[in-house]
Amino acid sequence: MITKLNVASIMVLNKDEALDFYVNKLGLEKGQDVKQGSYRWLTVRVPGDVTEISLEEPGPPVHDEATAAHLRELIAKGALGGLVFKADDIRGLYETLKSRGVTDFTQEPTDHFYGTDMGVRDPFGNAIRILQQGKVAHKARPTKSFG
């Protein structure tokens with residue numbers, strides 16, 4: 001029986017640039033950073049959590065060069081996966097991210113029936129959603145009625 005998710009992966013084009021973004025901009029913490037030959041196992045995680053996100057670059061030993069080149073194209077288009085995080089103060093986090101130089105927001109904090117969420121992309125185009133679940137702190141704007 002599966003009991004817990006241990007590591008999830010996200011494809012990036014440069015592990016050092018990804019580490020800088022996820023730690024210094026998004027606020028995650030560095031997990032493991034281990035080299036074995038030319039391979040570097042690098043993870044980040046939400047502070048205090050044990051589930052890690054592996055930052056993976058296309059290439060050996062996992063991919064041949066043709067596959068790696070194709071994956072790099074897909075990453076640059078933002079076509080591979082993404083991450084969803086939870087936050088306790090999404091509007092405050094939005095302001096913090098802007099003050100840290102994050103600019104590639106796909107959606108500012110927006111109220112929904114399930115809570116408030118926003119979207120941002122990492123430097124490689126990977127989609128990141130951040131959700132504050134629960135009752136909306138600010139009232140959602142009423143929609144216009146046509147009829």
Side chain to side chain donor-acceptor pair (under 3.5 Å) filter on Glu108, not counting sequence neighbours, yields Tyr94

**Message:** Applying a strict under-4.5 Å side-chain criterion to I, L, V, M, F, W and Y, I'd like to know whether Leu131 and Ile10 cluster together.
**Reply:** no

Residues 30-41 vs salt bridge (charged side-chain N to carboxylate O under 4.0 Å, His left out), sequence neighbours excluded, gives Asp16-Arg40, Lys30-Asp33, Asp33-Arg40

Rounded to the nearest 0.5 Å, the CG atom of Asn6 sits from the CD1 atom of Ile2 at a distance of 12.0 Å

In short, Leu80 meets Asn126 closest at the heavy-atom pair O-OD1, 3.2 Å

**Message:** With clusters defined by side-chain heavy atoms of hydrophobic residues (ILVMFWY) lying less than 4.5 Å apart, directly or transitively, does Val23 cluster with Leu83?
**Reply:** yes

Residue pairs passing the ring pair (Phe, Tyr, Trp, His ring centres under 6.0 Å) test with at least one member in residues 62-81, sequence neighbours excluded, are none

Val62 meets the side chain to side chain contact (heavy atoms under 4.5 Å, CB included) criterion, sequence neighbours left out, with none

Next on the checklist: Do Val46 and Leu26 land in one hydrophobic cluster if side-chain heavy atoms of ILVMFWY residues count as linked below 4.5 Å?
Outcome noted: yes

Residues at least two apart in sequence or cross-chain that pass side chain to side chain contact (heavy atoms under 4.5 Å, CB included) with Glu52, listed by chain then number, are Val7, Gln32, Thr43, Arg45

- Kindly determine whether Met118 and Leu97 satisfy side-chain contact (heavy atoms from CB on, under 4.5 Å), including the steps that lead there. CA-CA 12 Å; Met118 69 177 171; Leu97 294 177; 3.7 Å; yes

With sequence neighbours left out, the residues meeting side chain to side chain donor-acceptor pair (under 3.5 Å) with Thr96 are none

### Task
Decide yes or no for Met11 and Glu57: does some side-chain heavy atom of the first lie under 4.5 Å from some side-chain heavy atom of the second?
no

In terms of hydrophobic clusters joined by side-chain contacts under 4.5 Å, are Val44 and Val34 together? no

Residues pairing under salt bridge (charged side-chain N to carboxylate O under 4.0 Å, His left out) where one sits in residues 119-129, two or more places apart or in two chains, turn out to be Asp104-Arg121, Asp117-Arg129

Hits for side chain to side chain donor-acceptor pair (under 3.5 Å) against Asn14, two or more places apart or cross-chain, chain-then-number order -> none

For residues 5-57, the ring pair (Phe, Tyr, Trp, His ring centres under 6.0 Å) pairs (sequence neighbours left out) are none

In short, salt bridge (charged side-chain N to carboxylate O under 4.0 Å, His left out) pairs touching residues 63-72 with sequence neighbours left out are Glu65-Arg72

Worksheet item: Same cluster or not: are Ile128 and Val84 linked, directly or through other Ile, Leu, Val, Met, Phe, Trp or Tyr residues, by side-chain heavy atoms under 4.5 angstrom apart?
Response: no

Output for pair (Ile75 CD1, Phe124 CZ), nearest 0.5 Å, gives 8.5 Å

d(Lys15 NZ, Leu55 CG) to nearest 0.5 Å is 7.5 Å

Nearest heavy-atom contact between Val12 and Pro58 is O-CD, 3.3 Å

The reported gap from CG in Asp111 to CD in Gln132 (rounded to nearest 0.5 angstrom) is 9.0 Å

Heavy atoms of Pro47 and Leu28 approach each other most closely as CD-CA, 4.1 Å

Sequence neighbours excluded, the answer for side chain to side chain donor-acceptor pair (under 3.5 Å) partners of Ser9 is none

CD1 (Ile90) and CZ (Phe85) are apart, to the nearest 0.5 Å, by 12.0 Å

Quick note, salt bridge (charged side-chain N to carboxylate O under 4.0 Å, His left out) partners involving residues 93-102, not counting sequence neighbours, are Glu95-Lys98

In this structure, CG of Leu42 is separated from OG of Ser54 (nearest 0.5 Å) by 7.5 Å

